[in-house]
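The structure under discussion appears below in the form of structure tokens.
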Protein chains: 2
Amino acid sequence: MQKKARDPDNFEIKLDAQLCFAIYGAAHAFTRTYKPLLEPLGLTYPQYLVMITLWEEDDQPVKAIGDRLGLDSGTLSPLLKRLEQSGLVARKRDRDDERQVRISLTAKGDELRHQATGVAEAIGKAVGCGLEGAVALRDELIALKQRLTKAGE
Amino acid sequence: MQKKARDPDNFEIKLDAQLCFAIYGAAHAFTRTYKPLLEPLGLTYPQYLVMITLWEEDDQPVKAIGDRLGLDSGTLSPLLKRLEQSGLVARKRDRDDERQVRISLTAKGDELRHQATGVAEAIGKAVGCGLEGAVALRDELIALKQRLTKAGE
DNA sequence: CGCAATTCAATTGCGCACAATCTAATTACG
DNA sequence: CGTAATTAGATTGTGCGCAATTGAATTGCG
């Protein structure tokens, strides 16, 4: 017990735990920051992410959205039904490949894009660091994610 | 439409979206990396986080664990019952303040600490960056979280 | 002391996440 | 051609995450 930070095992475990907590906490802080901003739009955070992908490119199959966000049909199917219920998207089977369900924006869903600009601005302020800081953080997180997913083959 | 990255609004929105995706993806990549490592221990990722806090300090009330992890009783109550079911923790009312339920490690729960050292090592490898990189990332994430939570008062 | 306000956990309800399973449609291959 | 393998999406079941409510215990204040 006389060795403290000297013990590499113990140090790694502590650091691992701290990194756990940090990622976990930051992700939740993010969703909590978004929640009140998205409430007026009637969107949850995952729903907002789906809408962003559709604003970037309309009329995508469920699979494409899932690949973009790393979500499977078990998550997206009910989520998209709720967006359909809200009148923001339409779901129709692809004529050429009837296995696919293509998700497209309704007029209302497309309109929402404009109201969402305020959300991004508010987040920009909340993140606090300048643009360079945000860019750097984004790139680090992307790199971290790639290392993690690569490590799992 | 002729202005592209020049448009500050549009740039902020895109960056905001990218930071969203990055945090979201990194957090999920983390849990996915942990999942196969924790499966032999019979723990989920949030359960692992709870166990870490108990390994750091045993016999804590639910509230203290919740403060440490940013979780409320709605999440912790059923989670702790499952840990109790697994025989890893015990739940007993505090004699001095019967509102509190103190969570303590069982012998089995304490033992698990040793098996968990392998998990931390594997994660250290998967994170890929050296110790300095991990430390830097941890500090950035902690700072980000603090800015986000502070922004929401 | 006695009552109101506060605190701690538990519960309920909704919405993700994800594994496993299922159905239907498409593609590949002998 | 026809069957096997693959692919897309839906469904089911388990486990978070959180808001809102409830109930019991404690604290604060007149």
Side-chain angles (χ1 to χ4, degrees), chain A residues 20 23-36 38-39 42-51 60-86 89 91-103 149 152, chain B residues 20 23-36 38-39 42-51 60-86 89 91-103 149 152:
Chain A
C20 271
I23 280 264
Y24 191 77
H28 285 140
F30 234 83
T31 71
R32 280 176 206 140
T33 306
Y34 270 104
K35 182 179 259 273
L38 293 176
E39 202 150 332
L43 292 176
T44 65
Y45 182 63
Q47 288 169 8
Y48 176 60
L49 294 180
V50 168
M51 293 303 289
Q60 295 188 64
V62 174
K63 183 67 164 52
I65 298 174
D67 287 345
R68 177 83 170 91
L69 299 181
L71 298 174
D72 66 359
S73 66
T75 300
L76 285 177
S77 286
L79 187 156
L80 291 170
K81 277 187 184 172
R82 281 186 282 272
L83 286 180
E84 186 185 34
Q85 211 77 22
S86 307
V89 307
R91 307 177 330 119
K92 4 185 208 312
R93 291 260 160 207
D94 189 312
R95 298 234 185 297
D96 296 339
D97 185 344
E98 297 234 340
R99 290 172 306 181
Q100 296 184 26
V101 171
R102 302 194 72 88
I103 309 297
T149 46
Chain B
C20 270
I23 280 266
Y24 191 77
H28 284 46
F30 235 83
T31 71
R32 279 176 206 140
T33 305
Y34 270 103
K35 183 180 259 273
L38 293 177
E39 201 151 332
L43 292 175
T44 65
Y45 182 64
Q47 288 169 8
Y48 176 60
L49 294 180
V50 169
M51 291 304 289
Q60 295 188 64
V62 174
K63 182 69 164 50
I65 298 174
D67 287 345
R68 178 82 170 91
L69 300 180
L71 298 173
D72 67 358
S73 65
T75 300
L76 285 176
S77 286
L79 186 157
L80 291 170
K81 277 188 184 173
R82 282 185 283 271
L83 286 180
E84 185 184 35
Q85 211 78 22
S86 306
V89 307
R91 308 178 327 117
K92 9 185 202 318
R93 292 259 161 209
D94 188 313
R95 298 231 186 297
D96 296 338
D97 184 344
E98 296 236 341
R99 291 173 305 182
Q100 296 182 25
V101 171
R102 301 194 72 87
I103 309 298
T149 45

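From a predicted model like this one, the values you see are computed outputs, not experimental measurements. Letters A, B, ... mirror the listed sequences (proteins, then strands); counts begin at 1.
- Residue A:Gln100 has no polar side-chain atom (N or O) positioned under 4.0 Å from OP1 or OP2 of D:dG9.
- When the side-chain nitrogen and oxygen atoms of B:Thr31 are compared with OP1 and OP2 of C:dA17, none of them lie within a distance under 4.0 Å.
- Residue contacts shown for A:Gly66 are absent, as no nucleic acid heavy atom lies under 4.0 Å away.
- Taking side-chain N and O atoms only, B:Lys81 has no distance below 4.0 Å to OP1 or OP2 of D:dG15.
- Within 4.0 Å (heavy atoms only), B:Pro61 reaches sugar-phosphate atoms of the nucleic acid but no base atom.
- Residues B:Leu71 and B:Ile65 have side chains not in contact (no heavy-atom distance under 4.5 Å, counting atoms from C-beta outward).
- For D:dC16, one of the phosphate oxygens OP1 or OP2 lies less than 4.0 angstrom from a side-chain nitrogen or oxygen of B:Arg82.
- Nucleotide D:dG30 is matched to C:dC1 when pairs are restricted to Watson-Crick or G-U wobble geometry with both distances under 3.5 angstrom.
- Counting non-hydrogen atoms under 4.0 angstrom, B:Leu76 reaches nothing in the nucleic acid.
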Item to check | Contact letters for nucleotides 19-27 of chain D, in which S counts primed atoms plus P, OP1 and OP2 and B counts the base, heavy atoms under 4.0 Å | outcome: B-----BS-

Next on the checklist: The test is side chain to side chain contact (heavy atoms under 4.5 Å, CB included); show your working for A:Val50 and A:Leu76 and say whether it passes.
Outcome noted: CA-CA 9 Å; A:Val50 168; A:Leu76 285 177; 4.1 Å; yes

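- A:Phe30 has its CZ atom 18 Å from the P atom of C:dC16, to the nearest Å.
- Not counting sequence neighbours, the partners of B:Arg102 by the side-chain contact (heavy atoms from CB on, under 4.5 Å) test are B:Asp59, B:Pro61, B:Asp94, B:Gln100.
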Using distance only, find each side-chain donor-acceptor pair of residues 24-31 of chain B under 3.5 Å and give its atom names and separation, not counting sequence neighbours.
residue: B:His28; atom: ND1; partner: B:Tyr24; partner atom: O; Å: 3.0
residue: B:Thr31; atom: OG1; partner: B:His28; partner atom: O; Å: 3.0

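- Partners of A:Arg91 by side-chain contact (heavy atoms from CB on, under 4.5 Å), not counting sequence neighbours, listed by chain and number: A:Leu80, A:Lys81, A:Glu84, A:Val101, A:Ile103.
- B:Ser73 meets the side-chain contact (heavy atoms from CB on, under 4.5 Å) test with B:Ser77; sequence neighbours excluded.
- Note on A:Arg91: only backbone sugar-phosphate atoms sit closer than 4.0 angstrom, heavy atoms only; bases stay farther off.
- Across the protein-nucleic acid pair, B:Leu69 atom CG and D:dC16 atom P stand 12 Å apart, rounded to whole Å.
- Taking side-chain N and O atoms only, B:Tyr24 has a distance below 4.0 Å to OP1 or OP2 of C:dA17.
- In this structure, A:Gln47 places its CD atom 11 Å from C1' of C:dC14, rounding to the nearest Å.
- A:Ser86 pairs by the side-chain contact (heavy atoms from CB on, under 4.5 Å) definition with A:Leu88, not counting sequence neighbours.
- Across all strands shown, B:Ser77 has heavy atoms under 4.0 Å from base atoms, whether or not it also approaches the sugar-phosphate.
- Rounded to an integer number of Å, the gap from CG of A:Asp67 to P of C:dC18 is 13 Å.
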